[in-house]
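Presented below is the structure to which this report refers.
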Amino acid sequence: MYKILNTVEEDAAQKRDDVYAGKSYSEKEKNREMHCYRSHTCGELRKGNVGEFVRLSGWIHNRRDHGGVLFIDLRDHYGITQVVIYPDRMFQKTIAHLAKETVIRFDGMLANRSDENINSKLPTGEVEVVAESYDILGAAELVPFSIFPEDPAPEDMRLEYRFLDLRRGKLHENILLRSKIIAYMRRAMTDMGFNEFQTPILTSSSPEGARDFLVPSRLHPGKFYALPQAPQQFKQLLMIAGFDRYFQIAPCFRDEDARADRSPGEFYQLDIEMSFVTQEDVFEAVEKLLEGLFNEFTEWKFDKAPFKRIPYREAMLKYGTDKPDLRIPVEIQDVSQNFLKSGFKIFADTVSGGGVARAIAVRGIAGKPRSFFDGMVEFAQSIGSQGLAYLVWNEGNVKGPIAKFLDEQSMTDLTKKLDAKTGDVVFFVCNDEAKANKIAGEIRVKLGKDLDMIEQNAYRFCWITDFPMFEYNEELRKIDFSHNPFSMPQGGMEALTQKDPLEIYAYQYDIVCNGIELSSGAIRNHRPDIMYKAFEIAGYSREQVDEKFGAMIKALSFGAPPHGGIAPGVDRIIMLLANEPNLREVTAFPMNQRAQDLMMNAPCEVTEKQLRELHIRSTEIKA
RNA sequence: GGACCGGUAGUUCAGCCGGUUAGAACGCUGGCCUGUCAAGCCAGAGGUCGCGAGUUCGAGCCUCGUCCGGUCCGCCA
C-alpha cells in the first residue's frame, strides 16, 4: 500500500516544516510572504506550539470588544481558536466592525494564556494567537439567523440558507456522522465479502408500488424513463448473474408525500442481496452489520444479536403495529372471550359480530387523577375510537366506567387473565380487528410517552417475520398480495396448491428499531412456476404476468439461484444514531415537506425550448 | 385529498376579558470599557401583528375565507 493523499493535518504540518522550519519570531516579516492560507487549523494549536509564528484562516465566529483588547473567536471545520488584537495594532477598529461570519486570515505569534484566562471549554483554550496582520478572504453580510449562539431558527429559513445552517455545530456534526456511518457501512459490507455495484438511475417505470418520478425521453417522443424506487430488479439480476453478494448505498426515488422519517422524493438505502441464503442467513448478516455499527457510533444500550423475532400476527396483537417500539414495557392482550360471555352488551355484541376486545394493562397507576383518564378517553376518540373503557383495581374493589356492567364471575376471570393486582389500571378497546389493533397500539405508545415508561438511551431491535402472503381485499372482493408479490411463499408450490391462501406466510421480514421501520426484505421467489401460481391466486393470468414482469421471469428462467436480501434505510439509521426526530437534521440539503428545495428553487419552470425538445407540453398555464 | 397545531421586530417569544402610542431578550447601529470567552454598561434604529373580508364605537385578540410552515392520516410493491 502506498499513500496517495495526505490528511489536512499532515498537509499543514508539511507546510509548517517547509515555511517555518527553524524560523524565529524575528523572521516573521519573511513569513508574511508565504503562499498558503494557513499553517494550522483552528482546532489544532496547543501549549506546545507557543512561540511559533502561525497563520490561521476561518470564519469570525464571535467577537468580544473590550475597548482596549479585542477578542475574535476564529472558527473552521476543525475547531475554534481565540485571536487577540491589542490596541497598538492599527487595524483593530477595522476588525471590530467586521460582520460575524466574515472569512479572514490572521498571522501572529501563538501565546500562552495565563491560568485565570484559560477556557476549559475549548481544546485550544490554553493558547491564543496574538494578531500581527490580517487579510479579509471573504466578506459577509449580516446573517439571517444566528450561527453563534446556535439559537432556534425557522425551518424554511434554515433550508433557504442551508449553507449557513450547515456551519452550525449540531448540523455540522450530524452530517459528519452521516459520512462516517456510510464509510463504516462500506467497510463492513466489503469485509463481509459483499461487492458494491452501481445500478441505473434512468430506468423503466414499474407498474407496482409507489408513484414514479418520470423523465421524458428526447430520443423517443412520448416515452419516459423512471427513476428507480429501489434497485430491486437489478440486484436480483446481479444474483442471477452469479455475483453472489451485492450491496450499494443506493439512491431511491419515490414520488410520495413526506413524513418526519420519510424524505420527500429521494432517500438512500443500504441495499443488500445474497445468493444461496435462507432468511436466517440474511438476518445474521444484517445483525452483524448493525451490531458493529451501533457499537461504533453510540454510547447507548442496544440489543445484541440475535435480535428478537416476532411473527407479524403476534406483533399486531401485542403492539397493534408491525413496527413496535419495544422500549415501552407494555403489551396488549386479547380479552375477546372474556367479554363475549360478559354482561357488557356493547363489547359482547362487537365480539360476537366478529370483532375483538383488547386490554392494555399498566401496573401501579391507580392513583392517577381523573384528568389523566379523561385525557386518555379523549385521545382514543381523537384517533377514531367510540370511547375508551377502563378498570381500576383498588384495594378490595374494581372501579371504572364499565365496572357495573361486569358480573362477579366475569370480573374474577378478567382479573385472573390479566393478572391484575391492586393499583393496576387496564384500558379496553373493542372494535373490528384492524381498528382495535390500531387504536390499542396508539394508546400503548401514548401511555408509554405520558407515563414516562419509554426506556431511555436505548436501541431495541426486532425482526417482524411471517408476513401473510395474501390478504382479502374487501373493496374488490378478491384475494390480493398483501405486500410484495416477488417474495417466496413459505412452503413453496405445495403451500400455494394445498393451503388456504390467507393462511400462507411469505419469507418476508422487516427490521424495526425503537418503533421505526429500518427496512423490509424478503427471500425472493426465484422460480417462474411458483411465481405464475402466486399471481394466479391473486387473479392474474399467465399473459398478464408476462406482460408486466416478463423481463424478470425471463431472467429467472435461465438458472436462478435462491436469493434474498434487504435494504435498511441509511437516513433512518443515521437519524436514530444522531438521536434526531427528523430526517432533515441528518441530510445536508433536504427538501421541505412539500418536496421543494428552497435554496436551489426546485422544482422550477423550464423554457419552452426545453419542453419542445422533450416533446412535452405543460397543462399549467404560466402566469 | 383530509385533520390538527402554528404564523406578532432580522431571530426567539410575551401580549390579560376586545380598550391609550404593540413589549422583552438576542442580534444590528453608535458610544464607553485592556482579559473576555453566551463579555459588560449606555443610547438608538427596527413592526402592513401572514393576507383578505366581516362583527364591533374600537380587532394582534372574535368570525369566515385564504396563503405559508410543521406534524399526522391517506399514500409509501
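It should be emphasised that the depicted structure is a prediction, and the values quoted were computed from it without experimental measurement. Only this structure's heavy atoms are used, side chains among them; waters, hydrogens and symmetry mates stay out. Reminder, nothing fancy here: chain letters follow the sequence lines and each chain counts from 1.
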Discussion item. Please report the distance separating the P of B:C57 from the corresponding atom of B:C49, rounded so that it comes out in whole Å.
Written reply: 23 Å
Fill in: A:Phe91 and A:Tyr134 aromatic ring geometry - parallel, tilted or perpendicular at 30°/60° bounds
tilted
Worksheet entry | Rounded distance in Å between the P positions of B:U20 and B:G58 | 15 Å
Discussion item. Between A:Phe379 and A:Asp450, is there a side-chain heavy-atom distance shorter than 4.5 Å?
Written reply: no
Discussion item. Using a distance-only criterion (donor-acceptor N/O pair, under 3.5 Å, no hydrogens), is the base of B:C72 paired with the side chain of A:Arg262?
Written reply: no
Discussion item. Under 4.0 Å from OP1 or OP2 of B:A77: is there any side-chain N or O of A:Gln508 that close?
Written reply: no
Fill in: N/O donor-acceptor pair, side chain A:Arg158 with base B:G69, under 3.5 angstrom
no
Worksheet item: Counting only side-chain N and O atoms of A:Arg594, is one of them less than 4.0 Å from OP1 or OP2 of B:C68?
Response: yes
Discussion item. Counting only side-chain nitrogens and oxygens, does A:Asn582 get under 4.0 Å of the OP1 or OP2 atom of B:U71?
Written reply: yes
Worksheet item: Between B:U8 and B:A3, how far is it from one C1' atom to the other, in whole Å?
Response: 26 Å
Discussion item. At less than 3.5 Å, do the side-chain atoms of A:Asp257 and the base atoms of B:G74 form a donor-acceptor pair?
Written reply: yes
Item to complete: Would you please confirm or rule out a distance under 4.0 Å between OP1 or OP2 of B:A38 and any side-chain N or O of A:Lys121?
Response: yes
Worksheet item: Roughly how far apart, to the nearest Å, are B:G70 and B:G31 at atom P?
Response: 42 Å
Worksheet item: Where the side chain of A:Lys100 is defined as all heavy atoms beyond and including C-beta, which of B:C28, B:C37, B:G69 is the nearest nucleotide?
Response: B:C28
Worksheet item: Which part of the nucleic acid does A:Glu155 contact within heavy-atom distance under 4.0 Å: base, sugar-phosphate only, or nothing?
Response: sugar-phosphate
Worksheet entry | B:C37 phosphate, OP1 or OP2, under 4.0 Å from A:His66 side-chain N/O | no
Worksheet item: Expressed as a whole number of Å, how far does the C1' atom of B:C5 sit from that of B:G50?
Response: 16 Å
Fill in: Side chain of A:Met157 (C-beta onward), nearest among B:G70, B:G27, B:G10
B:G10
Worksheet item: When you measure from the side chain of A:Val69, which nucleotide among B:C76, B:G69, B:U34 comes out closest?
Response: B:U34
Worksheet item: A:Ser482 and A:Glu471: side-chain donor and acceptor closer than 3.5 Å?
Response: no
Worksheet item: Any side-chain N or O of A:Arg64 under 4.0 Å from OP1/OP2 of B:A39?
Response: yes
Worksheet item: Taking the nucleotide of RNA chain B with the closest heavy atom to each, which residue, A:Gln593 or A:Gly209, is nearer the 5' end?
Response: A:Gln593
Discussion item. If I pick the P atom on B:A59 and the same atom on B:G18, what distance separates them, to the nearest angstrom?
Written reply: 14 Å
Worksheet item: Given that A:Pro87 and A:Pro154 both sit by RNA chain B, which one's nearest nucleotide is further toward the 5' end?
Response: A:Pro154
Discussion item. Check the phosphate of B:U71 against A:Arg584, side-chain N and O only, distance under 4.0 Å to OP1 or OP2. Yes or no?
Written reply: yes
Item to complete: Name the nucleic acid region contacted by A:His97, choosing base, sugar-phosphate or nothing; use a 4.0 angstrom heavy-atom cut-off, strictly under.
Response: sugar-phosphate
Practice prompt. May I ask you to check if A:Arg542 and A:Tyr532 form a cation-pi contact, with NZ or CZ under 6.0 angstrom from the six-membered ring centre and within 45° of the axis?
Written response: yes
Worksheet item: What nucleotide, of B:U71, B:G74, B:C28, holds the atom closest to the side chain of A:Ala260?
Response: B:U71
Worksheet item: Side chains of A:Ser520 and A:Asp510: donor-acceptor distance under 3.5 Å anywhere?
Response: yes
Worksheet item: Would you say a side-chain N or O of A:Asn62 is under 4.0 Å from OP1 or OP2 of B:A38?
Response: no
Item to complete: Can you label the angle between the A:Phe467 ring and the A:Tyr312 ring as parallel, tilted or perpendicular, going by 30° and 60°?
Response: tilted
